[in-house]
Participant: 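Got a structure here, written out as structure tokens. Questions coming.
For the numbers below, each heavy atom of this structure counts, side chains included, while hydrogens, waters and symmetry mates do not. When a ligand or atom number is given, it counts from 1 through the structure's own listing order.
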Amino acid sequence: MTTAVNAANAGAIVLGDLKVNRLGFGSMRLCGDGAWGLPKNCAAALKLLQRAVELGIHFIDTADSYGSEVAETLIAEALYPYPAGVVIATQSGYTRPTKKNWIPNGRPEHLRKAVEESLKRLRLSCIDLYQLQIPDLHVPFADSVGALADLRRAGKIRHVGLASVTVGQIEEANAIVPIVSVQKYFNVEDHSHDDVLATCERMGIAFIPWYPLASGQLLRSPRLVKIANERRATAAQVALAWLLTRSPAMLPAPGTGRIAHLEENIGAADLKLSAEAMHLLGEPRE
Ligand SMILES: NC(=O)c1ccc[n+]([C@@H]2O[C@H](COP(=O)([O-])OP(=O)(O)OC[C@H]3O[C@@H](n4cnc5c(N)ncnc54)[C@H](OP(=O)(O)O)[C@@H]3O)[C@@H](O)[C@H]2O)c1
């Protein structure tokens, strides 16, 4: 089916030797409340994933901790065998003994086991992008990254990414193994990790802003709503268009459990923001 709304309208971005449309999908919200357990309606979650791919989403972000294990299982169930060009990016670095507990675990033996388990759940022999979800303060960072470098050498991972890291950690990791992506909190109302974005731009690394919609909180922002009304767009579309315009290194992957919101968010790929709108939304960069 052809459709005018398509993630391809956001352009493309490279992740090592892979190229994906520059608007992805984050799967955390597909699980039950608090990213814990099964969704209320599994059939609807599967349909949403299929619709995302149908609308040109080629980058799907997930993690073994979403569910736990639920999001990866749903992705495989909905999309396997994966259409050509679809990149599943998963990550590990947390264990979740309960819904509320996210416990960092970057021990090499944990990461090795996590990769094997994700490979099984995703029904893959090699994961296109595997991300360290958080540095573990109790484990030397180089040991966690070194474990991923070994897994890459063993052919279990194609590319390595990072999340929740500093500029120094990106540089340290990149000296061990080529880093192709970094996830960090970033959205139109919070640019406090501008330094990480600038580093990604300089190093040719994709920047994946997590909580691109601040979990939906920022959609009531008067500045966003004003521009949305002027452009006959929605606040979510303006927030995502702002990210896409902010940097060519940006790869937003907003999450939703609703097909209507998915389609609305992909519509952001067609929204061009003027320099004046970018300025009004807090973009001072020349
Ligand atoms: N590496 C990390 O540590 C890390 C941490 C957090 C997130 N992430 C990744 O980043 C992805 C994005 O984060 P996220 O999904 O939590 O946050 P988000 O994209 O900022 O916001 C998702 C929330 O916004 C709502 N929403 C989405 N589209 C909407 C629309 N058009 N209108 C109104 N509300 C809308 C969703 O509710 P509905 O379901 O009702 O649409 C959901 O509650 C995650 O899925 C995950 O893959 C990574």
Participant: How would you list all residue pairs meeting side-chain hydrogen bond (donor to acceptor under 3.5 Å, both in side chains) that involve residues 75-90, not counting sequence neighbours?
Facilitator: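 Output for this query lists Glu72-Thr90.
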Participant: Using the test salt bridge (Lys or Arg N to Asp or Glu O under 4.0 Å), find all partners of Glu189 that sit at least two apart in sequence or belong to another chain.
Facilitator: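 Result, salt bridge (Lys or Arg N to Asp or Glu O under 4.0 Å) vs Glu189: Arg223.
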Participant: Can you classify the ring geometry of Trp242 versus Phe186 as parallel (below 30°), tilted (30 to 60°) or perpendicular (above 60°)?
Facilitator: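 Trp242 vs Phe186 ring planes: parallel.
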Participant: Mind checking what makes side chain to side chain contact (heavy atoms under 4.5 Å, CB included) contact with Asp270, not counting sequence neighbours?
Facilitator: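 Asp270: side chain to side chain contact (heavy atoms under 4.5 Å, CB included) contacts with Asn9.
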Participant: Residue by residue, ordered by chain and number, which ones reach under 4.0 Å of ligand 1 with a heavy atom?
Facilitator: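 These residues qualify: Gly26, Ser27, Met28, Arg29, Asp61, Tyr66, Gln91, Ala163, Gln183, Trp210, Tyr211, Pro212, Leu213, Ala214, Ser215, Gly216, Leu219, Ala236, Ala253, Pro254, Gly255, Thr256, Gly257, Arg258, His261, Glu264, Asn265.
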Participant: Tell me if a side-chain donor or acceptor on Ser181 pairs with a main-chain N or O of Ala206 at a distance below 3.5 Å.
Facilitator: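 Checked: no pair found.
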Participant: What I want to check is whether the side chains of Ser92 and Asp64 have a donor and an acceptor closer together than 3.5 Å.
Facilitator: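 Per modelled atom types, Ser92 and Asp64 side chains form a pair under 3.5 Å.
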